[in-house]
Amino acid sequence: MPSRRTVLAAGAGVTAAFAVGGTARADADRPAAVLSRMTPEEKVGQLFVARVYGHSATEPDQADIDANLGELGVRTAAELVAKYRVGGIIYFSWAHNTRDPRQIAELSDGIQRAALGQPRGVPVLIATDQEHGIVCRIGRPATLFPGAMALGAGGSTADARTLGRIAGRELRALGVRQNYSPVADVNVNPANPVIGVRSFGADPEAVAALVAEEVRGYQDAGVAATAKHFPGHGDTAVDSHTGFPVITHTREVWERLDAVPFRAAIAAGVDAIMTGHLLVPALDASGDPATLSRPILTGILRERLGHDGVVVTDALGMAGVRTKYGDDRVPVLALKAGVDQLLDPPDLAVAWNAVLKAVQEGELTEERLDESVLRILRLKERLGLLAEPYADPAAVGRVVGRAEHLAEAERITARTTTLLVNEGPLLPLSPAAHPRLLVVGADPASPSGTTGPPTAVLAAALTALGFTATALSTGTDPSAETIERAVTAAGEADAVVVATCNVTAASPQRTLVERLTATGRPVVAVAVRNPYDVAHLPSVPAFLAAYSWTDVELRAAARVIAGAARPQGRLPVPVQRADDPTQVLHPLGHGLTY
């Protein structure tokens, strides 16, 4: 790897490379100067944010080389940048981009060296989905915060800003300058399979306040925040990854519900807004998804709401945007609708060539192309990329996962755990009265970089608090044999803690909880995802909502169970009765304490 001095020298050369006529332009003029020197092919490349496999820009593992060749027609990230001149790259854990902090920073620097090594090279805007909670691409030792619905339960806008500021500092240290967060969707549908706890809640004004402050926090740290998924993905029972959601809100409902957080994000100066692959007939009756809708993206988002920053699509490989048009038409139609960045097309070659052809044939004018490229370059300028594109791998350890950052995450999470039911009261448990605990239940795949599985994390946290806790994973779909084993084990315990995840009326998790309560042992349920589980578990005497199964949220729940902390969270969504959804079981704002 090159020395820090070499990297800094290369960074200094970026500004020189952008000089025109031997004189460096003022910063405000630099994006236009860069644009004026670009070829049509380079301009088209700037529109794309691509995935790429591998931990290194030039020397990925052979399996990642093979994946890149099969999907992208290149071997490495460096070759990707050279071939397509992409303006952005998105990191994923499954693409093996995020092994550890120093490696991530070195990957980022390798990508920037590859970009700046090209004629008229332009730094790459590196992005990721670091929402916190259940969606995180970069795990430990990075600081992991509670997810959006947990923050909604805490209700502190100051905490939202702190999260954005700290998470943003850590991302920037890794060379990541754009985060696809926060989620600005107002989750009003308990059956929502894709948003749910990724939303701050069901109250549009409360969601708006948290969105605005998280945006400000990220941008305080020099990272572009991205509010998503416009015009609002909170009231759907269909996942746009696998289907085509339809939002049936009237224009009036949309204005007072879905639009509110996006207005707040724009007022906070959000750098980017991500589109949703969903149909909203009240806003556009054409049958096109919002990503491809000029009435929605240009007419409403830009002209009515006044967003003059970047508009980025959600991933173009998702089913919600591919149901009506082919992969060659989708990127062209998105640009015609008002999009600037085209995220992760399923076939980059097809998409890139389709856009270039549309420009060459006049379907997309050069003026329209320049409009989006200039927005992207201006964002890069605001983020400091055009002046200093490099990270400092040697300094990453002094920023990422600092003790002060981790302590803030614990402090923020302490406000979020929500006690919904406490008959008796059963809670808090004490090691003196209930020394032996059995921890059973759902163990969904652990979010990136967390310890997991949830039952083991809960058991370890409770043991550290003075109990003797044993973990027995029963999964999200326990068999009759597994349930019987848990019931037998409960006979040796003084109390049982059961983790639940997305319980339904027919879920075997419900049977598990009913059988455990029938043993006569005290049972405490902890929802490690949606708080709506409580409606399906009327027999349980104590119920907590943790909102996610990351370590920090599970440790906070354990402290509440043990009485080492008081429950402070308040439901950011209402919970309807399972037997009559027209009736509210626990209202918005409900939360017990002791």
Side-chain angles (χ1 to χ4, degrees), residues 131-135 144-164 167 181-190 192 195-214 217 234 261 408-422 427 447 454 458 499-502 524-535 542-561 564-576 584-594:
E131 294 176 13
H132 295 272
I134 69 171
V135 176
L144 300 178
F145 286 90
M149 192 171 284
L151 277 183
S156 169
T157 55
D159 286 350
R161 189 158 187 166
T162 297
L163 183 157
S181 190
V183 172
D185 305 315
V186 182
N187 199 80
V188 294
N189 189 339
N192 196 324
I195 304 301
V197 294
R198 296 168 63 197
S199 162
F200 289 108
D203 178 347
E205 297 295 340
V207 171
L210 292 162
V211 164
E213 288 307 306
E214 192 166 310
E408 282 291 328
E410 296 284 349
R411 182 189 63 78
I412 288 171
T413 312
R415 303 181 191 269
T416 67
T417 308
T418 309
L419 180 60
L420 300 181
V421 178
N422 192 19
L427 293 177
L458 273 171
T500 70
C501 182
N502 294 356
V524 180
V526 180
V528 298
R529 188 163 179 167
N530 292 321
Y532 310 113
D533 289 2
V534 67
F543 190 98
L544 292 165
Y547 304 102
S548 182
W549 58 100
T550 58
D551 297 355
V552 69
E553 286 157 300
L554 294 173
R555 285 196 298 267
R559 288 194 295 271
V560 169
I561 290 169
R566 293 185 305 108
Q568 299 180 54
R570 297 290 181 268
L571 267 181
V573 294
V575 175
Q576 285 80 24
V584 173
L585 176 64
H586 296 301
L588 188 77
H590 172 68
L592 307 174
T593 191
Y594 39 79

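Residue numbers start at 1 and run along the sequence shown. Bear in mind that the values here come from a model prediction, so they are computed numbers and not experimental data.
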Problem set entry | Side chain proximity check, P146 to T550, heavy atoms < 4.5 angstrom | no
Problem set entry | Candidate pair T417 and Y547, rule side-chain hydrogen bond (donor to acceptor under 3.5 Å, both in side chains), full reasoning | CA-CA 8 Å; T417 308; Y547 304 102; over 6 Å; no
For this session: Could you walk me through whether D533 and T500 pass side-chain hydrogen bond (donor to acceptor under 3.5 Å, both in side chains), step by step?
Result: CA-CA 7 Å; D533 289 2; T500 70; 2.8 Å; yes
Exercise. Would you say H590's side chain and L420's backbone share a donor-acceptor pair under 3.5 angstrom?
Worked result: yes
For this session: Please answer whether the main-chain N or O of Y532 pairs with a side-chain N or O of N530 as donor and acceptor at a distance below 3.5 Å.
Result: no
Seminar exercise, completed: The reported gap from CD in Q568 to OG1 in T413 (rounded to nearest 0.5 angstrom) is 11.5 Å
For this session: For residues A527 and F543, report the shortest heavy-atom separation together with the two atoms involved.
Result: CB-CZ, 3.6 Å
For this session: Please answer whether the main-chain N or O of A542 pairs with a side-chain N or O of N422 as donor and acceptor at a distance below 3.5 Å.
Result: no
Problem set entry | side chain to side chain contact (heavy atoms under 4.5 Å, CB included) assessment of L427 paired with V524 | CA-CA 8 Å; L427 293 177; V524 180; 3.7 Å; yes
Problem set entry | Cationic N near anionic O, under 4.0 Å, D159 to R411 | yes
Exercise. With no hydrogens and no angle check, is any side-chain donor or acceptor of N192 less than 3.5 Å from a backbone partner on G234?
Worked result: yes
Problem set entry | Heavy-atom check, side chain of W549 versus side chain of I134, under 4.5 Å | yes
Exercise. With a 4.5 Å limit on heavy-atom distance, are the side chains of L458 and R555 in contact?
Worked result: no
Exercise. Does the pair E410/R559 count as a salt bridge with the N-to-O cut at 4.0 Å?
Worked result: yes
Exercise. Would you say the side-chain atoms of T416 pair up with the backbone N or O of A150, donor to acceptor, closer than 3.5 Å?
Worked result: no
Exercise. Is the backbone N or O of P567 less than 3.5 Å from a side-chain atom of T593, with the two atoms forming a donor-acceptor pair by type?
Worked result: yes
Exercise. Backbone N or O of A158 within a donor-acceptor pair of the T162 side chain at under 3.5 Å?
Worked result: yes
